[in-house]
Chemist: 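Mind looking over this structure? Questions follow.
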Amino acid sequence: ASSRWLTSRIDRALNPVQPLDDGTTPAANDIRRVTTDEARVLLREQVSEAFEQVAAFRRGEVDKPSFAAIGKQITADTGLGKTKAVINAIKANLADAESGGGMLYFAKTLRLADEIRERMIAAGIREHHIRVHRGRGADDPGSVDGRKMCQRHELAEASARAGQNVERTLCNPGDGYRCPFFETCAYRRQHAEGQAAITLTSHVTLALDGVDGLSDKPFAIVIDEDFAAMGPAKRRDRDQGQFLTAAQLERKVTINAGVNEGADAESISKAEADAEKATNDIRHYRRLIRKAISNAAGDYLRLDHLLDAG
């Protein structure tokens with residue numbers, strides 16, 4: 001969800017002059033205004049409900065969790081207690097998270113992730129339950145000479161931007177070669193320590209790697225602060241050449257059959273058939289994406305736009 005989309009709905013609800021989506025105008029007595037203390041209570045209730053729905057689903061108590069309960073974006077003023085409410089909900093569901101893939105918490109920066117870790121410990125969550133995951137280019141907190149988590153982090157990040165698997169191309173590709181820092185690598189060491197009940201990391205990790213390598217199937221994911229604000233231009237770990245514009249989606253694309261020199265007729269025929277299918281698939285989904293963008297009409301692209309486009 002985007003904060004701009006949510007804010008526009010709130011603005012319309014609070015301004016009787018502007019009609020709602022269905023064309024009606026809300027009456028002043030339909031608008032619910034709450035005090036700051038009431039807002040804190042509502043906030044805690046909403047966060048608790050989201051975690052309880054997920055826990056009930058994981059325990060098999062409900063067939064499907066309510067999306068309205070678990071898919072939440074919370075926009076609130078500083079000091080209302082968003083982080084505190086989430087930490088308390090994490091603590092209440094720690095046992096379920098431990099046995100169900102752990103929880104991932106993405107903070108804006110690693111510095112904030114470290115601060116949230118201290119707040120979790122102060123709230124009564126034991127230290128061994130929490131891990132701060134640091135990217136390859138982050139400072140190694142265990143180093144006395146200012147080393148990074150990966151001593152070849154620039155090469156590793158370039159490899160990742162090129163779409164390569166860093167582990168297989170740089171760390172341990174086989175054929176008798178391994179990275180000279182393989183045994184002492186701080187980045188690898190944190191993975192070898194195993195998965196914690198709670199993994200804290202930064203938005204940069206979310207932009208570069210997603211949840212891959214952090215958890216196969218996390219119990220819950222929390223994104224603190226506005227991740228969408230990073231945008232392609234601000235995601236320094238991404239090669240912006242990987243992003244498509246709407247205009248580029250209009251261009252025709254053809255997948256060529258890649259065949260080895262001297263291949264037999266059957267192999268060539270199969271490669272050409274596969275290439276034709278891939279071309280048709282890409283053209284089909286590009287049409288659907290263009291339709292979804294049209295449905296969005298200048299707003300952020302949302303799940304309902306994609307579903308409506310087929």
Chemist: Can you tell me how far NZ of K82 sits from CG of L80, rounded to the nearest 0.5 angstrom?
Modeler: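 The CG atom of L80 sits 7.0 Å away from the NZ atom of K82.
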Chemist: Do L200 and D114 make a side-chain contact, defined as non-hydrogen atoms from C-beta onward lying under 4.5 Å apart?
Modeler: no
Chemist: Donor-acceptor check, side chain of T199 to backbone of R131, threshold 3.5 angstrom: yes or no?
Modeler: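 Checked: no pair found.
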Chemist: Counting heavy atoms not belonging to R168, are there more than 12 under 6.0 Å from its CZ?
Modeler: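 Check fails, neighbour count at 12 or below.
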Chemist: Find out whether M149 and R188 are in side-chain contact, i.e. whether some heavy atom of one side chain is under 4.5 Å from a heavy atom of the other.
Modeler: no
Chemist: Would you say H203's side chain and D224's backbone share a donor-acceptor pair under 3.5 angstrom?
Modeler: yes
Chemist: Restricting to salt bridge (charged side-chain N to carboxylate O under 4.0 Å, His left out), what partner residues turn up for E266, sequence neighbours left out?
Modeler: none
Chemist: Find the distance between OH (Y187) and CZ (R134) and round it off to the nearest 0.5 Å.
Modeler: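 Nearest 0.5 Å value for the OH-CZ distance: 13.0 Å.
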Chemist: I need the minimum non-hydrogen distance between S143 and G146, along with the two atoms involved.
Modeler: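 Nearest pair, atom of S143 first, then G146: OG-N, 3.4 Å.
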Chemist: If you measure from CG on D139 to CZ on R147, what distance do you get to the nearest 0.5 Å?
Modeler: 13.0 Å
Chemist: If the threshold is 4.0 Å, N to carboxylate O, is there a salt bridge linking R119 and E115?
Modeler: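 E115 and R119: not salt-bridged.
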Chemist: I'd like to know whether M120 forms a side-chain contact (heavy atoms from CB on, under 4.5 Å) with I198, so could you lay out the CA-CA distance, the side-chain angles of the two residues, the decisive distance to 0.1 Å, and finally the verdict.
Modeler: CA-CA 10 Å; M120 287 181 172; I198 306 162; 4.0 Å; yes
Chemist: Work out which heavy atom in A220 is nearest to a heavy atom in F51; give both atom names and the distance.
Modeler: CB-CE2, 4.1 Å
Chemist: Could you tell me whether the side chain of K108 and the main chain of S202 form a donor-acceptor pair under 3.5 Å?
Modeler: no
Chemist: Please go through Y285's hydrophobic cluster and name the other residues, only I, L, V, M, F, W, Y counting, with side-chain heavy atoms under 4.5 Å joining them.
Modeler: L288
Chemist: Heavy-atom count check: over 12 atoms from other residues, nucleotides or ligands less than 6.0 Å from E61 CD?
Modeler: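 Buried by this count: over 12 neighbours within 6.0 Å.
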Chemist: Between R178 and E183, is there a side-chain N and carboxylate O pair less than 4.0 Å apart?
Modeler: yes
Chemist: Side chain to side chain donor-acceptor pair (under 3.5 Å) with D37: which residues, sequence neighbours excluded?
Modeler: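 D37 satisfies side chain to side chain donor-acceptor pair (under 3.5 Å) with R40 only.
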Chemist: Measure the CG-CZ distance between L112 and R117 for me, rounded to the nearest 0.5 Å.
Modeler: 15.0 Å
Chemist: Please check this pair: side chain of D140 against backbone of G142, looking for a donor-acceptor N/O pair closer than 3.5 Å.
Modeler: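 Yes; judged by distance alone, with no hydrogens or angles, the pair exists.
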Chemist: In Å, rounded to the nearest 0.5 Å, how long is the span from CD1 of I90 to CD1 of I116?
Modeler: 9.0 Å
Chemist: Does V41 share a hydrophobic cluster with I87, counting links as ILVMFWY side-chain heavy atoms below 4.5 Å and allowing steps through other members?
Modeler: no
Chemist: Dump the intermediate steps for side-chain contact (heavy atoms from CB on, under 4.5 Å) on T83 and Y105, then the final yes or no.
Modeler: CA-CA 11 Å; T83 303; Y105 194 120; 3.6 Å; yes
Chemist: Could you check whether any side-chain N or O of N93 sits under 3.5 Å from a backbone N or O of D96, counting only pairs where one atom can act as donor and the other as acceptor?
Modeler: no
Chemist: Which heavy atom of A113 sits nearest a heavy atom of A107, and at what distance?
Modeler: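 Nearest heavy atoms, A113 then A107: N-CB, 3.8 Å.
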Chemist: Under the side chain to side chain donor-acceptor pair (under 3.5 Å) test, which residues partner E118, sequence neighbours left out?
Modeler: none
Chemist: For the backbone of R290 and the side chain of S294, can you confirm whether one donor and one acceptor N or O come within less than 3.5 Å of each other?
Modeler: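 No: the side chain of S294 does not pair with the backbone of R290.
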Chemist: Carefully, step by step, assess L94 and H129 under the rule side-chain contact (heavy atoms from CB on, under 4.5 Å).
Modeler: CA-CA 9 Å; L94 196 59; H129 285 308; 3.6 Å; yes
Chemist: Got a sec, which residues hit side-chain contact (heavy atoms from CB on, under 4.5 Å) with P173, two or more places apart in sequence or on another chain?
Modeler: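 Expected list: Y177.
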Chemist: Ignoring hydrogens and geometry, is there a side-chain-to-backbone donor-acceptor pair from T279 to A275 under 3.5 Å?
Modeler: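 Pair found, side chain donor or acceptor close to backbone of A275.
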Chemist: Search all heavy atoms of A197 against all heavy atoms of A97 and return the closest pair with its distance.
Modeler: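 Looking at all heavy atoms of both residues, the closest pair is O-CB, 4.4 Å.
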Chemist: Would you mind reporting whether T201 and F106 have side-chain heavy atoms less than 4.5 Å apart?
Modeler: yes
Chemist: Members other than L170 in its cluster, when Ile, Leu, Val, Met, Phe, Trp, Tyr link by side-chain heavy atoms under 4.5 Å?
Modeler: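 For the cluster that includes L170, the remaining residues are L155, V166.
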Chemist: What's the separation between atom SG in C185 and atom CZ in R136, rounded to the nearest 0.5 Å?
Modeler: 8.0 Å
